[in-house]
Protein chains: 2
Amino acid sequence: MPKIGMEPVRRKALIDATISAIGERGSLDVTMSEIAGRAGVSSALAHHYFGAKDELLFATMRHILAELNTDTRRAFNLAGTPRQRVSAVVAVSFSDDQFQSQIIAAWLAFYVEAQKSTELRRLLRIYARRLHSNLMSGLTGILPRTEADRVAEATAALIDGLYIRRALKDGVPDAQTAIALVEDYLETKLNGRSLP
Amino acid sequence: MPKIGMEPVRRKALIDATISAIGERGSLDVTMSEIAGRAGVSSALAHHYFGAKDELLFATMRHILAELNTDTRRAFNLAGTPRQRVSAVVAVSFSDDQFQSQIIAAWLAFYVEAQKSTELRRLLRIYARRLHSNLMSGLTGILPRTEADRVAEATAALIDGLYIRRALKDGVPDAQTAIALVEDYLETKLNGRSLP
DNA sequence: TTTTTTATTGACGCATCAATCAATAATAAT
DNA sequence: ATTATTATTGATTGATGCGTCAATAAAAAA
């Protein structure tokens, strides 16, 4: 029962399936059949639309990055002050959409894969730069450039670190605690005063 | 020319080879043959001593953890004050022995693998707890328990985050800068004052 | 000196997957 | 009505890699 115009539908379904498969397995060691099965199609079709597995994984990472970006833009629109822009970046990073085990597992797995794939590494660098620049867009309105830069660096590392620690699912901070930690750091750096 | 008592020698060589192989490939997707080759033996011998690949990887992670631990103990012996104990933990984390691409790649890869392997996850939790407790051993002498706990959490996340960002090898902080970032955070939290 | 233990490997079986391809069918274009 | 295009899959191929095993040889024990 082949209808026409299936391509975008299948692509989306396959990317979603890839995310959930990676999320469940916790790594990129998922087979094309597994992914295709989740998307309700054959593995041959996945190859038909994406060519090779690499490309499907690449498209998936790009999709995750794009989602993060739109979420951030949306949050920026609601932020009036520089300080609020900074908080917006933090809030989005730990929002329900982003700070969930599936996405975190994917991030982690892609970080590892980036060691092998130049293209993936380039993609993750774009993320790193964008995060930095998003943070700077608020911080430069509050601190002198050099110090803003250092704070942005630390904040980004803090966010990444909290992500990785979440992956262990131990006495791990939930989103609320994570946000509080980062905000506490920011408060200290921006006001020279920490929470009581 | 089989000499006797080769077992410990081979084990060590295989673990070292595993680290360097993982470091080069950037992931745990290294074959037993590759590892064995680097160690100058056949893959059959690797299986002979470690049984399965899992066990070799596990032994490798345990070795890395043990090294980190002895380094930390040594640094603790030179630390007089609580404040120095905290700095010692940071210094060891970014020492030449630990903060090198091979080891970092291994950490990252093992974090991913921990999603699948319960035993590996347990091992990494031990690391997380030990790091926390090592930080606390200094912090509790400076801050009230609750706050010390939060600072330890943030510091640990900061360290992990700087590790992960190093893996991208981009505008990445070198060891010096990384230490400065963490120390700056600690100074702010402990003195309520940041670097000029 | 014979036997057992330790060290070591090449070759092989077996399973897993990525990727291809030929075949089928429905829709659209001519 | 015929041809081309799009959608789809089952079956197959080829490669890769883990784990095993029988075979060889040196040392240690008997």
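The structure displayed is predicted, hence computed values, not measured ones. Any value given below was found using the heavy atoms of this structure, including those in side chains, with hydrogens, waters and symmetry copies removed. All chains are named by letter (A, B, ...) in the order of the sequence lines, taking the proteins before the strands, and each is independently numbered beginning at 1.
Picking from dA18(C), dA7(D), dT9(D) the nucleotide with the shortest atom distance to the side chain of Ser42(A) gives dT9(D). For Met6(A), counting side-chain heavy atoms from C-beta on, the closest listed nucleotide (dA18(C), dT8(D), dT8(C)) is dT8(D). Side chain of Ile4(A), nearest nucleotide from dA28(C), dG10(C), dT9(D): dA28(C). Nearest to the side chain of Ala44(A), among dA7(D), dC21(C), dC18(D), sits dC21(C).
When the P atom of dT8(C) is taken as reference, atom CZ of Arg11(B) falls 13 Å away, rounded to whole Å. If you measure from atom NE2 of His48(A) to atom C1' of dA23(C), you get 15 Å, rounded to the nearest angstrom. Rounded to whole Å, the distance from NZ on Lys53(A) to P on dC17(C) is 8 Å. His47(A) places its NE2 atom 13 Å from the C1' atom of dT13(D), with the value rounded to the nearest Å. In this structure, Leu45(B) places its CG atom 15 Å from C1' of dC21(D), rounding to the nearest Å. Remark: C1' of dA18(C) and CG of Leu57(A) are 12 Å apart, rounded to the nearest angstrom. The interatomic distance linking Phe50(B) (CZ) with dT20(D) (P) rounds to 16 Å, in whole Å.
Between Tyr127(B) and Trp107(B), the two ring planes are tilted [angle within 30° to 60°].
Of all heavy-atom pairs between Leu143(B) and Lys189(B), the closest is CD2-O, 4.2 Å.
The phosphate of dA7(D) (OP1 or OP2) has a side-chain N or O of Tyr49(A) nearer than 4.0 angstrom. Residue Arg10(A) places at least one side-chain N or O closer than 4.0 Å to OP1 or OP2 of dT8(D).
How far CZ of Arg85(B) is from CG of Asn134(B): 8.0 Å, rounded to the nearest 0.5 Å.
Checking Ser43(A) against Glu7(B), the closest nucleotide of DNA chain C that is more toward the 5' end is the one next to Glu7(B).
Residue contacts for Val9(B): at a heavy-atom cut-off of 4.0 Å it reaches no nucleic acid atom on any strand shown.
When the options Arg25(A), Arg38(A), Gln102(A) are evaluated for a side chain to side chain donor-acceptor pair (under 3.5 Å) with Ser20(A), the one that passes is Arg38(A).
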